[in-house]
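Worksheet: the structure to be examined is printed underneath.
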Amino acid sequence: MFKVYKLFNLLSLDVVLGSIVSAMTFAALLGVRVEASVHILLGLAVWIIYTFDRLMDTKGNEQVLLSDRHAFHKKYFTLLGWLIVICTLVSIALLFIINAKTLLWGVALTGGVFVYL
């Protein structure tokens, strides 16, 4: 069981789950109905951002890495890169089924993330 949780943590899936549960909680508190596709897109976006950031931290870095996550991402760099590509393609496909207002706010948020990165 510990190994499953460790892999879950190394892949940042705990952060993804936290973002989705938080979004669902805020939606419920505000009485807003949010489509499942929006939650899926949120989870994919969070995972892509976290994983991409970690891969950029490890790219070309031959120093001893400070965290298990960095070592994991360095070891599986190529596989995780391909998973990012696949998740990005799935996200693009999902963009066609969400409403325009949600898409507009998502684009604005994405712009902010790119400026940050």
Side-chain angles (χ1 to χ4, degrees):
M1 183 65 172
F2 179 72
K3 287 184 181 185
V4 172
Y5 174 74
K6 182 149 178 98
L7 181 62
F8 195 77
N9 178 263
L10 290 172
L11 288 169
S12 301
L13 296 176
D14 51 346
V15 178
V16 171
L17 184 60
S19 69
I20 294 170
V21 169
S22 295
M24 292 172 81
T25 301
F26 283 115
L29 288 172
L30 297 172
V32 177
R33 185 188 165 291
V34 179
E35 301 168 15
S37 59
V38 173
H39 293 298
I40 293 168
L41 270 168
L42 173 63
L44 288 169
V46 168
W47 187 82
I48 290 167
I49 292 165
Y50 264 74
T51 303
F52 181 77
D53 184 54
R54 198 78 64 213
L55 291 178
M56 290 301 98
D57 287 346
T58 63
K59 185 178 182 188
N61 187 350
E62 299 302 324
Q63 298 176 11
V64 176
L65 300 170
L66 298 176
S67 73
D68 289 344
R69 272 193 187 155
H70 283 101
F72 178 85
H73 283 71
K74 186 165 186 70
K75 181 176 181 180
Y76 296 104
F77 188 92
T78 303
L79 174 62
L80 291 169
W82 279 110
L83 287 173
I84 286 174
V85 170
I86 292 166
C87 287
T88 301
L89 292 174
V90 170
S91 296
I92 291 169
L94 288 173
L95 289 176
F96 292 100
I97 65 171
I98 64 173
N99 70 46
K101 189 174 184 179
T102 303
L103 180 60
L104 180 62
W105 281 104
V107 168
L109 181 60
T110 300
V113 170
F114 277 116
V115 168
Y116 170 76
L117 290 176

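For Val34, the side chain to side chain contact (heavy atoms under 4.5 Å, CB included) test picks out Ala27, Val32, Val38, His39, with sequence neighbours left out.
A distance of 11.5 Å separates CG of Leu109 from CG of Leu104, quoted to the nearest 0.5 Å. Within the model, atoms CZ of Phe72 and OG1 of Thr51 stand 9.0 Å from one another, a figure rounded to the nearest 0.5 Å.
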Name the atoms and distances for all side-chain donor-acceptor pairs under 3.5 Å in residues 77-98, with sequence neighbours left out.
| from | atom 1 | to | atom 2 | distance (Å) |
| --- | --- | --- | --- | --- |
| Thr88 | OG1 | Ile84 | O | 2.7 |
| Ser91 | OG | Cys87 | O | 2.8 |

Show the atom names and distances, to 0.1 Å, of all donor-acceptor pairs under 3.5 Å that link a side chain in residues 10-23 to residues at least two apart or in another chain.
| from | atom 1 | to | atom 2 | distance (Å) |
| --- | --- | --- | --- | --- |
| Asp14 | OD1 | Arg69 | NH2 | 3.4 |
| Asp14 | OD2 | Asn9 | ND2 | 2.8 |
| Ser19 | OG | Val16 | O | 2.7 |
| Ser22 | OG | Gly18 | O | 2.8 |

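The number of heavy atoms from other shown groups lying within 6.0 Å of CE (Met56) is above 12.
Both Ile48 and Tyr50 are assigned to one and the same hydrophobic cluster, defined by single-linkage of ILVMFWY side chains at heavy-atom distances under 4.5 Å. Residues Val107 and Phe114 are members of separate hydrophobic clusters, defined by side-chain heavy-atom contacts under 4.5 angstrom among Ile, Leu, Val, Met, Phe, Trp and Tyr. Residues Tyr116 and Ile49 fall within the same hydrophobic cluster, defined by Ile, Leu, Val, Met, Phe, Trp and Tyr side chains chained together at heavy-atom separations under 4.5 Å. Val46 and Ile40 fall into different hydrophobic clusters, where Ile, Leu, Val, Met, Phe, Trp and Tyr side chains are chained together by heavy-atom contacts under 4.5 Å.
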